[in-house]
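For reference, the structure discussed in these notes is given below.
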Amino acid sequence: MTTLTDMLASPLMQRALIAAVVVGLAAPVMGTYLVQRRLSLLGDGIGHVALTGVAAGWLVGNALDLTPYDVLAVPGAVVAAVLGAIGIDVLRERGRTSGDIALALLFYGGIAGGVLLIGLAGGTTANLMGYLFGSIATVSQTDLVTIAVLGVVVLVVGLGLRPALFAVSQDEEYARSLGLPVRGLNLVIAVLAALTVTVAMRVVGLLLVSAVMIVPVAVAQLVALSFRSTMRTAMGVGVGVCVLGLVITYLYPLSPGAVIVCLAIAVYAGVALVRGLLRHRAPGDPHLDVPDDVIVTP
Amino acid sequence: MSQQDCPPAGDDPAAAPVLDVSQLDVAIGASRILRDVTFAVRPGEFVALLGANGSGKSTLVRTVVGVLPATAGRVRLFGVDLTERRHVPWHRAGYVPQRSTASAGVPATVAEVVASGLLTGVGFRRTPDGADRVRHALEQVGLADRARSAVATLSGGQQQRVLIARALVRDPELLVLDEPLAGVDSASQTAFATTMARLRDRGVTVLVVLHETGPLAPLISRTVVLRHGRVVHDGPPPPAAPGNDDAEHHHQHAHAPDEGADGQHRAHALRVEPGGLP
């Protein structure tokens, strides 16, 4: 019990917990739209590009002699992630490159660019580790404000535009026939996904960012029938694993990102197992009571 | 075909066309799918769009509902050119795409999918009586009891009816359907024909892509036939092609629709006189 009060009293942990709640709520909202449009790996692609942004911010910070030298790393990541997300959407829409290939290009270009730029900035790849795997323990007051503001933007737009974002993710062609501004809505999703990646970057790291967006949705899909309940369940799972994961890393010296993602996957496995057992027991008859098309002699 | 050769279109030839397609060319990549397509649909008409696989029927309807851009020529919906996307009264048109897209990567209920048909404009506004309209649309396709089911758990034919409800929920003046009967059992086809007859009686204008006219045959007021991306027939339904006009075939059509369940409803293969070709 004293451990718990100690933990809550620590300003460092307070900031980390707020960040975890924001990420746990915002990431699954965007993850739901990405899974719906079958772009589960988009977050990963954006995460890789964000690494180039981190290194570029670092390079600029060094060149301008700013203190701390990495003050531009997060803004750099935001810019790179947004540009990368818009780029992939344009590539996808033009149809010349399949979404799959566009993602692959983003993956390789992002990592290679990041390592290249950090080298130019006079750093080593070790400097990138905090961004690749998360360093929630070092979340500063400024970081927290950035995370909170971006997280609220993602939540407000992602939930407020839900009918339109649902329509465009469900059936893009039909959304066009409704007269919806499909290209604009696609860009909204791309930009929000990019912001989510940079928000989650400090908590779980760029390499695992996508997991916080996607795995809670995978869990929710197992139990939910509707889009609305999928999104709500995913948000609940997201907050749960982020906060619990953080508490565990307060007690044991483990990487928060890895613990959070492993927890999420454990929840998925557990729910899948229970669901499998329940389904097995009571298979319902899904058939409607309709007359046959042909005459069948008994 | 010159303008004068065109048969009088619609119930009221003087009425402004709901849909006006003129000299439309559509190319996708290097292939030119539609060439010089000109036709109009007037208020209250029930127009069937026929033609073999690959003749450009789906491309034509996807273009007139604003999914595909025209390469050349012009499409006007309710008098507004489709290139002026912001000014087109999209809420007056309903579109039923060819089946395949009722479910996506995340579960969604039948009611959620149908409710997406209520969106117009930028998509901010929610319709106040949305829930009632969704229920009414589902009643019209006989799926009211499945509103809360996940779309992915429905059969193909039921998913097709969900897509029809999604278009009906808009209460459209023009309904554009792309092969709504494909993969639908004969009882549902008959029910669908009844729904369409009721809509027509209410004054809804219909443009429907069909492979076989089936139970819709008595409703069709005009037929447009495409071949290799060109209009080769525009007028009353043409006679069936040889092999499809045998006595037994006609015999089946003489039956009342509710007797249709006792035999496979065969396709109308249509014969088009070559006279209409440019």
Side-chain angles (χ1 to χ4, degrees), chain A residues 28 31-40 94-96 157 160-185 188 214 217-218 220-231 233-234 284 286-295, chain B residues 28-29 62 64-68 85-86 88-91 93-97 101-109 111-113 115-126 130 142-143 145-146 148-155 158 163 166-167 170 176 185-188 261-264:
Chain A
T32 310
Y33 295 121
L34 294 186
V35 173
Q36 195 189 9
R37 37 179 47 200
R38 304 187 198 282
L39 277 176
S40 303
R94 291 286 156 83
R96 293 260 173 80
V157 181
L161 276 180
R162 193 173 69 191
L165 296 178
F166 169 82
V168 84
S169 303
Q170 180 80 11
D171 188 343
E172 190 169 316
E173 187 165 316
Y174 181 70
R176 229 175 265 277
S177 83
L178 292 172
L180 295 180
V182 170
R183 180 171 295 170
L185 291 168
V188 167
I214 303 305
V217 181
Q221 269 188 335
L222 292 174
V223 293
L225 289 180
S226 72
F227 183 80
R228 178 199 284 255
S229 63
T230 302
M231 192 178 265
T233 311
H287 304 107
L288 288 187
D289 192 19
V290 288
D292 288 333
D293 264 8
V294 290
I295 294 172
Chain B
I28 299 176
R62 287 167 77 209
V64 304
V65 297
V67 171
L68 292 176
R85 240 187 106 78
R86 283 162 192 275
V88 177
W90 296 107
H91 62 280
Y95 168 51
V96 181
T101 44
S103 74
V106 167
T109 63
E112 283 177 324
V113 170
S116 69
L118 289 167
L119 291 171
T120 49
V122 195
F124 284 111
R125 254 176 300 158
R126 285 163 210 244
L143 282 177
D145 55 333
R146 302 304 293 257
R148 295 163 74 90
S149 306
V151 166
T153 63
L154 266 53
S155 74
Q158 289 171 321
L163 298 188
R166 186 177 66 173
R170 289 170 88 72
V176 179
D185 63 42
S186 62
S188 301
D262 60 14
Q264 199 67 346

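Convention: sequence-line order gives letters A, B, ...; per-chain numbering from 1.
Contacts with chain A were tallied for B/S149, B/A150, B/P89; B/A150 has the most, counting heavy-atom pairs under 4.5 Å. If you tally non-hydrogen atom pairs under 4.5 Å between each of B/A167, B/S155, B/G117, B/G94 and chain A, the highest count goes to B/G117. Most heavy-atom pairs under 4.5 Å with chain A, from the set B/T109, B/L68, B/V96: that is B/T109.
Side-chain atoms of B/E112 come within 3.5 Å of backbone N or O of A/R228 as a donor-acceptor pair.
For a residue to count as touching a neighbouring chain, one of its non-hydrogen atoms must lie under 4.5 Å from one of that chain's; by this rule A/R37 does not touch chain B. With a threshold of 4.5 angstrom between heavy atoms, B/V88 does not approach chain A through any atom at all. Only the side chain of B/R170 comes within less than 4.5 Å of a heavy atom in chain A; its backbone stays farther off.
Between the CZ atom of A/R183 and the CZ atom of B/R85 there is a distance of 10.0 Å, given to the nearest 0.5 Å. The distance from atom CG of A/D171 to atom CZ of B/R166, rounded to the nearest 0.5 Å, is 4.5 Å.
Nearest heavy atoms, A/T32 versus B/V106: O-CG2, 3.4 Å. The two residues B/Y95 and A/Y174 have their closest heavy-atom pair at O-CE1, 3.2 Å. For the pair A/Q221 and B/P107, the tightest heavy-atom approach, listed with the atom from each and the gap, is CG-CD, 3.5 Å. What you find for B/A108 and A/Q170 is that their closest heavy atoms are CB-OE1, 4.2 Å.
You'll find the side chain of A/R176 stays beyond 4.5 Å of the side chain of B/R62, heavy atoms only. In this structure, A/L180 and B/L119 have side chains that are in contact, with non-hydrogen atoms separated by less than 4.5 Å.
For the ring-ring contact (aromatic ring centres under 6.0 Å, His included) test, residues two or more places apart in sequence or in another chain that qualify with A/F166 are A/F227.
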